[in-house]
Amino acid sequence: QVQLVESGGGLVQAGGSLRLSCSASGLTFSSQAMGWFRQAPGKEREFVAAIGWSAGRTVYADSVKGRFTITRDIAKNSVYLQMNSLKPEDTAVYHCAARYYGAGVSSSNAKQESGYRYWGQGTQVTVSS
């Protein structure tokens with residue numbers, strides 16, 4: 001059974017930092033690209049960042065580029081999202097997602113939710129002004 005469990009969310013002031021973690025089990029982590037999405041109240045879920053299964057290819061949403069960094073640790077079956085210079089508009093529930101086995105990421109496909117097979121429950125991030 002595949003499980004993606006996010007952690008690290010919380011309340012932070014604008015300009016602060018948080019590091020989200022996603023622990024994966026039940027899948028071949030080394031062969032699956034991973035992504036982060038977020039959903040703010042009353043809004044649709046949106047892409048944040050993705051990382052490929054090999055060589056660490058990364059893709060970012062324009063709204064977080066230069067502030068967020070996605071990384072992965074294959075030995076720990078985990079993917080991380082370092083969020084710096086946080087803004088109130090970053091407030092959302094952040095979800096970790098795993099792409100289909102063997103599928104890579106590119107600037108054209110990383111943002112499409114249909115390319116992700118497994119999803120975590122999410123962790124709340126609240127940025128106060």
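- Qualifying side chain to side chain contact (heavy atoms under 4.5 Å, CB included) partners for Thr71, counting only residues two or more places apart in sequence or in other chains: Thr69, Tyr80.
- Applying the salt bridge (charged side-chain N to carboxylate O under 4.0 Å, His left out) rule to Glu113 yields the partners Arg45; only residues at least two apart in sequence or on another chain are considered.
- Evaluation of the disulfide bond (SG atoms under 2.5 Å apart) test over residues 1-37, restricted to residues two or more places apart or in two chains, returns Cys22-Cys96.
- Minimum heavy-atom separation, Ala98 to Leu4: N-CD1, 3.7 Å.
- Closest heavy-atom contact between Gln112 and Ser108: NE2-O, 3.2 Å.
- Listed by chain and number, the residues in a side chain to side chain contact (heavy atoms under 4.5 Å, CB included) with Asp90 are Arg38, Arg67, Phe68, Leu86, Lys87, Tyr94, Val127 (sequence neighbours excluded).
- Asn84 meets the side-chain hydrogen bond (donor to acceptor under 3.5 Å, both in side chains) test with Ser17, Gln82; sequence neighbours excluded.
- The salt bridge (charged side-chain N to carboxylate O under 4.0 Å, His left out) check on Arg19 picks up nothing, with sequence neighbours excluded.
- Between Ala49 and Leu81, the closest heavy-atom pair is CB-CD1, 4.2 Å.
- The OG atom of Ser114 lies 8.0 Å from the OH atom of Tyr100; values are rounded to the nearest 0.5 Å.
- Residues satisfying the side chain to side chain contact (heavy atoms under 4.5 Å, CB included) criterion with Lys65, sequence neighbours excluded, are Tyr60, Asp62.
- Residues passing the side chain to side chain contact (heavy atoms under 4.5 Å, CB included) test with Ser25 are Gln3, sequence neighbours excluded.
- Between Val105 and Ala50 the shortest heavy-atom distance is CG1-CB, 4.0 Å.
- Taking the side chain as every heavy atom from C-beta outward, Met83 and Leu20 approach each other to under 4.5 Å.
- Under the side chain to side chain donor-acceptor pair (under 3.5 Å) criterion, the residue pairs touching residues 118-129 are Gln124-Thr126, with sequence neighbours excluded.
- Follow the hydrophobic side-chain contacts under 4.5 Å out from Leu18 and you reach Val79 in the same cluster.
- Residues Trp53 and Ile51 are members of separate hydrophobic clusters, defined by side-chain heavy-atom contacts under 4.5 angstrom among Ile, Leu, Val, Met, Phe, Trp and Tyr.
- One hydrophobic cluster, built from ILVMFWY side chains closer than 4.5 Å, cannot hold both Val64 and Val59; they sit in different ones.
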Only distances under 3.5 Å count here; give the side-chain donor-acceptor pairs of residues 28-37 to other protein atoms, sequence neighbours excluded, each with its distance to 0.1 Å.
unit_1, atom_1, unit_2, atom_2, d
Gln32, NE2, Arg99, O, 2.7

